[in-house]
Amino acid sequence: MSKTIETLDDVVIRFAGDSGDGMQLTGTQFTNTTALVGNDLSTLPDYPAEIRAPAGTLFGVSSFQLHFSSWDILTPGDHPDVLVAMNPAALKVHLKDLKKGGVIIANTDAFDDKNLSLAGYEGSPLGTEALSNYQVIEVPITKLTLNALQGSGLSQKEMVRCKNFFALGLMYWMYSRPVEPTEKWIKEKFGKEPEIAAANDKALKAGYYYGESTEAFAARFEVKPAQLKPGLYRNITGNEATALGVVAAAEKAGIPLYYASYPITPASDILHNLSAYKNFDVKTYQAEDEIAAAGAAVGAAYAGNLAVTGTSGPGAALKSETISLAVMLELPLVIVDVQRGGPSTGLPTKTEQSDLMFVTYGRHGEAPAPVIAAATPADCFHMAYEAARIAVKYMTPVYLLTDGYLANGSEPWLVPAAKELQEIPVHFRTDPENFHPYARNENNVRPWALPGTPGLEHRIGGLEKANISGNVSYDPDNHDFMVHLRAEKVKGIEKDIPLQEVYGEQSGELLVVSWGGTYGTIRSTVDRMRKNGYKVSHAHLRYLNPFPRNLGEVLKNFKTIFVPEINLGQLAKLIRAEFLIPVVQFNKVRGLPIRSAELEQAIKDALGGAK
Amino acid sequence: MDTTKGNGDVQTKKYTAKDFASDQDVRWCPGCGDYSILAQVQRILPELDTPKEKHVFISGIGCSSRFPYYMDAYGVHGIHGRAPAIASGVKTANPELNVWVVSGDGDALSIGGNHLIHSLRRNIGLKILMFNNRIYGLTKGQYSPTSELGKKTKSTPFGTIDYPFNPVQLALGAEGTFVARCLDRDPKHLQQVLLRAARHEGTSFIEIYQNCNVFNDGAFLQLTEKETKPDNVLYLEHGKPLVFGKDNDKGVRLNGFTPEVVSLKDGKYGMSDLLVYDETSFDLAVLLATFSDRQGFPTPIGVFFQTERKAYEDMMVKQIEDVKKKRGEGDLDKLLRSGNTWVVSSN
């Protein structure tokens with residue numbers, strides 16, 4: 001039976017089910033296949049902090065959202081067009097986000113009394129008024145999977161576990177994607193368990209053929225490949241990109257990478273990735289705690305490695321004293337803070353722009369440290385590389401801010417060639433002649449003198465240093481001098497970073513100023529508004545300390561400065577403090593990306609009717 | 001001084017203790033036990049045939065932690081309790097270095113307890129010298145995690161209600177592969193143990209009883225004074241029976257699992273009845289570690305335990321080499337282009 005194929009520009013799908021239903025895997029497979037088909041894409045995984053929350057409960061729902069298109073997109077989308085709900089809880093949690101008129105694919109087998117009651121439904125919402133605004137397609141996914149796997153030799157439980165592949169196959173059919181990449185993946189992943197591999201494969205195909213043969217689907221869709229810049233692409237998450245960024249930096253600097261870390265969500269994947277790259281002379285050190293990870297990184301930096309420590313908010317707090325030491329020792333160190341919802345344990349698996357103030361000012365004493373932030377998952381590569389470059393060149397700890405959304409979200413990345421990457425020159429001091437540990441070059445940077453170098457034996461430490469000699473000094477004027485010197489050194493980095501660019505008019509009514517992982521939402525919102533005639537420009541900051549040296553000028557050229565953040569206004573405060581100008585804030589702290597529609601309304605309000 | 005010959009062999013001109021003294025004035029209180037420890041370390045380093053630049057001294061915070069400033073070697077005066085963490089980074093980043101950790105009872109056992117036990121467990125090649133004066137000196141006289149129960153200090157005017165740690169037991173429990181105890185006032189013995197610690201593969205831990213003559217003067221008097229020392233100190237020697245006392249007239253024997261102090265004078269027991277020390281025996285080490293807390297028992301001084309276990313940094317290096325053999329040297333372009341890739345061609 002052949003069905004009509006409708007062409008769409010873009011689609012947002014959300015897969016949702018129990019945290020044990022394999023929704024992350026399903027979403028990732030759909031993403032990889034979609035990348036191979038040539039669409040642009042952006043993803044948003046969202047999962048509970050509990051590993052296996054009780055089945056069927058609202059808080060146990062795990063989801064994976066994917067936005068794919070035939071044009072250049074920047075966000076995983078506000079509102080899904082399609083919701084695949086593997087159980088009532090998934091429907092209950094996600095229905096409010098679904099577009100009016102959107103499609104719900106519901107696994108009817110999971111809508112039994114027990115699951116309905118766990119989800120807080122009095123009776124099944126399927127076929128009732130509650131869902132009248134949506135196109136509901138009821139599919140007995142569990143039963144169909146079991147039917148397809150009769151005689152597979154697997155237990156009932158094992159067969160039921162294959163149902164996510166059925167759902168995946170169905171979605172492949174619906175959006176005209178090939179099943180072969182996933183078939184290949186299944187073969188590799190379950191090579192040692194041929195029965196499981198065969199069952200998953202069968203479920204996948206059964207889902208695909210179900211779409212083809214059932215009357216339930218009137219049409220299928222296609223999304224043509226996007227017109228991307230030619231080259232080799234790779235679908236990449238922020239954490240993968242961060243890991244690759246520091247490996248690349250170490251290679252270009254010609255020194256070994258040393259990554260010291262303590263497991264913490266959502267930063268652990270950086271450790272996992274790097275621990276697999278040992279043939280790049282990468283040393284990974286899983287320390288006993290966050291403090292030890294920072295300490296070991298300081299030690300490795302002292303010994304001449306490219307030292308990196310990664311963490312998230314609570315860990316960043318624990319490392320703070322050690323980073324202060326690194327400021328005093330003036331050793332190069334990259335601290336990656338994959339921000340998550342706070343305070344305290346907060347929302348470990350959710351995103352938030354939680355730590356800008358903390359990493360900028362959260363150290364005792366006058367302890368300046370550069371802060372930079374990645375804008376997109378792939379940008380984590382470039383900013384991790386940049387963090388390493390600044391750290392080594394200026395002998396300073398550098399904070400790289402990413403966040404839970406960037407860390408786990410993915411997008412196609414135009415892979416650079418190693419030779420195109422900026423050089424990172426490293427000079428280890430070897431000449432004992434006239435060596436002074438705290439003498440400085442034209443950038444106020446002291447020499448990197450490694451233990452093991454004959455004739456340079458010297459002592460450094462956390463006590464205040466005498467200028468030049470580096471000996472302990474309690475002299476009041478020396479302290480004043482050194483406090484200023486350390487501040488000037490960091491401020492001086494502004495000469496070495498790009499000028500702030502403005503998207504849209506360079507002056508006028510309203511400038512949206514943002515930083516970090518909100519880039520995609522904000523840029524696409526600004527874009528849409530500009531197409532509709534609004535005079536809105538956008539400046540997205542990747543350098544937060546120091547700010548780009550033209551930022552003050554840029555801000556002066558607009559009547560209204562509008563700062564949307566997933567916090568209570570941390571960049572807004574910094575801008576007010578630095579430039580003494582009024583700022584309009586937009587703050588939503590839901591643990592999720594900003595919603596484009598809400599942002600648009602807030603910008604319109606700020607414009608006060610002006611277009 | 002050393003010069004490296006073209007063929008890579010290190011030609012050693014003998015250092016003297018003086019070569020390891022920095023140009024900084026030593027600022028410990030006059031009479032402090034730290035002076036002796038500093039002198040013994042400076043005395044043994046020339047014995048090691050290690051070029052001066054390969055020695056790194058890393059400390060935390062406290063009186064003892066000023067140590068690196070007085071050594072003409074590389075040094076980092078770190079932050080409170082974190083010396084083992086920083087030192088672990090240095091040693092694993094460059095296993096060629098001789099990394100020493102200088103710490104005190106507060107620094108190592110209180111604020112830095114976690115780092116201490118984990119470096120012992122990992123068996124990273126650090127030489128940890130823990131000066132134990134049973135008091136906080138730099139902060140002027142609060143009790144420490146090794147202060148005796150009931151001790152009256154500035155922060156405990158009515159006596160402490162904190163049970164103290166037994167550092168040797170702690171180090172053994174943390175899987176230390178070289179665990180020893182020394183006295184600041186027995187320089188010859190301290191030198192011997194320091195040399196052995198320096199040559200040990202993996203973590204060496206030496207608890208050094210050190211007198212703080214300002215805030216806890218005489219804490220170890222019984223163990224260091226001529227009149228009382230023989231009856232209170234038991235020197236551990238591998239393969240030798242446990243004998244002590246003024247005229248070597250006392251010994252320790254095992255009665256079943258229970259140790260007993262016995263007299264060798266009354267003819268009831270002779271040398272052959274005594275426990276012969278075996279520093280490779282973990283069981284004996286644990287037993288002997290309890291002596292300092294047992295009524296009527298002498299305090300053992302010397303090497304409690306030494307065993308061979310692969311050092312962390314060596315396994316780290318080997319793993320990297322093994323992976324390189326298996327996968328070949330890393331190729332950055334290949335790595336960047338790995339994973340789920342596709343080509344967009346120009347139209």
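Just the heavy atoms: all of them, side chains too, but no hydrogens, waters or symmetry mates, feed the values below.
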Specify whether [X] and [Y] have parallel, tilted or perpendicular ring planes, treating 30° as the upper limit for parallel and 60° as the lower limit for perpendicular.
| X | Y | result |
| --- | --- | --- |
| W413(A) | F381(A) | tilted |
| F67(B) | W28(B) | tilted |
| F68(A) | F30(A) | tilted |

Given heavy-atom pairs under 4.5 angstrom as the criterion, report whether the side chain, backbone, both or neither of [X] touches chain B.
| X | answer |
| --- | --- |
| N235(A) | both |
| L325(A) | side chain |
| P412(A) | both |
| A260(A) | neither |
| A297(A) | neither |

Under 4.5 Å, counting heavy-atom pairs only, tell me which of [options] racks up the most with chain A.
| options | result |
| --- | --- |
| Q319(B), H118(B), H115(B) | H115(B) |
| V76(B), N98(B), V99(B), V317(B) | V76(B) |
| G81(B), G78(B), G112(B), P68(B) | P68(B) |
| V323(B), N94(B), L336(B) | L336(B) |
| K54(B), K325(B), M316(B) | M316(B) |
| D72(B), N114(B), N340(B) | N340(B) |

- Just wondering, do E457(A) and H55(B) contact through their side chains at under 4.5 Å, heavy atoms?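 Not in contact.
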Where on [X] is there a heavy atom nearer than 4.5 Å to chain A: the side chain, the backbone, both, or neither?
| X | value |
| --- | --- |
| E96(B) | neither |
| A87(B) | neither |
| L97(B) | side chain |
| V56(B) | side chain |
| S65(B) | neither |
| E321(B) | neither |
| R82(B) | side chain |
| F57(B) | neither |
| D322(B) | neither |

Pairs of heavy atoms under 4.5 Å with chain B: top-ranked of [options]:
| options | result |
| --- | --- |
| I236(A), V415(A), L421(A) | V415(A) |
| A226(A), A293(A), A287(A), A296(A) | A296(A) |
| A418(A), A292(A), A303(A), P451(A) | P451(A) |
| A300(A), G462(A), G452(A), G461(A) | G452(A) |
| T284(A), V247(A), L456(A), V282(A) | L456(A) |
| V298(A), L450(A), L329(A) | L450(A) |

If we count only N and O atoms by modelled type, under 3.5 Å, do the side chains of [X] and [Y] hold a donor and an acceptor together?
| X | Y | value |
| --- | --- | --- |
| R122(B) | Y285(A) | yes |
| T182(A) | Q29(A) | yes |
| S324(A) | E321(A) | no |
| T92(B) | Y258(A) | yes |
| N39(A) | S69(A) | no |
| S410(A) | T43(A) | yes |

- Query: For P432(A) and G455(A), which heavy atoms make the closest approach, and how far apart are they?
  - Reply: CB-O, 3.7 Å
- What are the two closest non-hydrogen atoms of P225(A) and V37(A), and how far apart are they?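 For P225(A) and V37(A), the tightest heavy-atom pair comes out as CG-O, 3.6 Å.
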- In terms of side-chain geometry, is the basic nitrogen of K319(A) or E290(A) positioned less than 4.0 Å from the acidic oxygen of its partner? yes
- Item | Cation over ring face, R446(A) and Y438(A), 6.0 Å, 45° | yes
- Could you check V344(B), T341(B), V343(B) and say which one makes a side-chain contact (heavy atoms from CB on, under 4.5 Å) with Y233(A)?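 Testing each of V344(B), T341(B), V343(B) against Y233(A), the sole residue satisfying side-chain contact (heavy atoms from CB on, under 4.5 Å) is V344(B).
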